[in-house]
Amino acid sequence: MSNTIRIKSPATIANLVCGFDILGLAVEEPFDLMTIEPSERPGLEIIHLDDYQLSTVPEENVAGGALLAMLEDVKDAPGIKLTIDKKIKPGSGLGSSAASAAGAVFAASKIIQQQFTQEDLIRYAMFGEKVASGVKHADNITPCLMGGITLIRSIMPLDIIPLNSPDLHITIVHPQIEVKTSDARHILKKEVQLKQAIRQWGNIAGLVAGFMKGDYALIGRSLEDGIIEPVRSILIPGFDQVKSRSKEAGALGGGISGSGPSVFMLSKDDATARAVEHVMKDVYIKIGIDFKTYVTKLNRQGIKIIE
Ligand code: HSE
């Protein structure tokens, strides 16, 4: 066993509008801070430095669930102490649970003398998502671990495709209301009409091609979702205004971040991303809902070890 590892585990934007459960990207900000260290005490000890009142019982904790899955595959599992300082608010739609789960297994892989593949880490981290929402999905975990934009072609068996992308500037507004992922999944219709599916396939393919070719106009017109957004956006006050006014301000497009309530917009440059932040603020000031904004960038590395 080696020494203490300290990491920054980034927020992620899942779905990227049309790619429900299959597309996601990592951002530079916000991020969680986590420290993992070997412990004389057997088992897993979890300490939260934040005020989110999350359970520190390993089986009930997102990072704990992921680590317990990992430790089952480790011979003579060592004692581990994990300290988490969450900056990504749970229930924000910014991959808070994925940051905990992926961060925990990434950090643990650095102190346990055993080789793990990227796919192993994704698989373990998905157990954390199951603790959080009851469902194993990898569209936040994968970009968190790998950075950049990722496509999950399948989770059983795991088939992950990292996508090339031009530089992207990202504006996020987080209205201070909580939307539970489990609730936001529960309200979705279970069936999709063929004509809706065809439109969605066109947009997903267009978005992937737009990223790979660095074609900003194609990215913008593919950021369209006729299946999930019409249902979920009802939970987010101001959503339609944020979307239309951000596009008027020059954003390529955007929509709900993960299961919401955060809303994100992609822009070509920092000046546009800041103009978008300005209109997002204006919308929520006028509605009278507290909010937080981030102007950030595509994070190409994912989780980072810090000194
Ligand atoms: N793809 C998941 C969902 C992400 O939209 O429910 C949850 O953050």
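For the numbers below, each heavy atom of this structure counts, side chains included, while hydrogens, waters and symmetry mates do not. All ligand and atom numbering here is 1-based and tracks the order in the structure.
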Residues R245, D240: salt bridge by 4.0 Å N-O rule: no

E129, R232, R185: member with heavy atom nearest to atom 5 (O) of ligand 1: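 Heavy atom nearest to atom 5 (O) of ligand 1 belongs to R232.
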
Among all protein heavy atoms in this structure, tell me which lies nearest to [atom], with the distance rounded to 0.1 Å.
{"atom": "atom 1 (N) of ligand 1", "answer": "D21 OD1, 2.5 Å"}
{"atom": "atom 7 (C) of ligand 1", "answer": "H137 CE1, 3.6 Å"}
{"atom": "atom 8 (O) of ligand 1", "answer": "N140 OD1, 3.2 Å"}

Subset of ligand 1 atoms that lie under 4.0 Å from at least one heavy atom of F20: 3 (C), 5 (O), 6 (O)

Over-ring placement of K86 relative to Y52, 6.0 Å and 45° cut-offs: no

Row check, F291 ring normal vs K281 NZ/CZ: under 6.0 Å, within 45°: no

Any N or O of T181 closer than 3.5 Å to N or O of ligand 1: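 Checking ligand 1 against T181, no N or O pair falls under 3.5 Å apart.
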
Residues T293 and E277: side-chain donor-acceptor under 3.5 angstrom: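 Yes.
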
Exam field: side chain R274 to backbone T171, donor-acceptor pair closer than 3.5 Å: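 No; judged by distance alone, with no hydrogens or angles, the pair does not exist.
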
Under 3.5 Å donor-acceptor, K81 side chain and I46 backbone: no

V135, portion touching ligand 1 at heavy-atom distance under 4.0 Å: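 No part of V135 comes within reach of ligand 1.
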
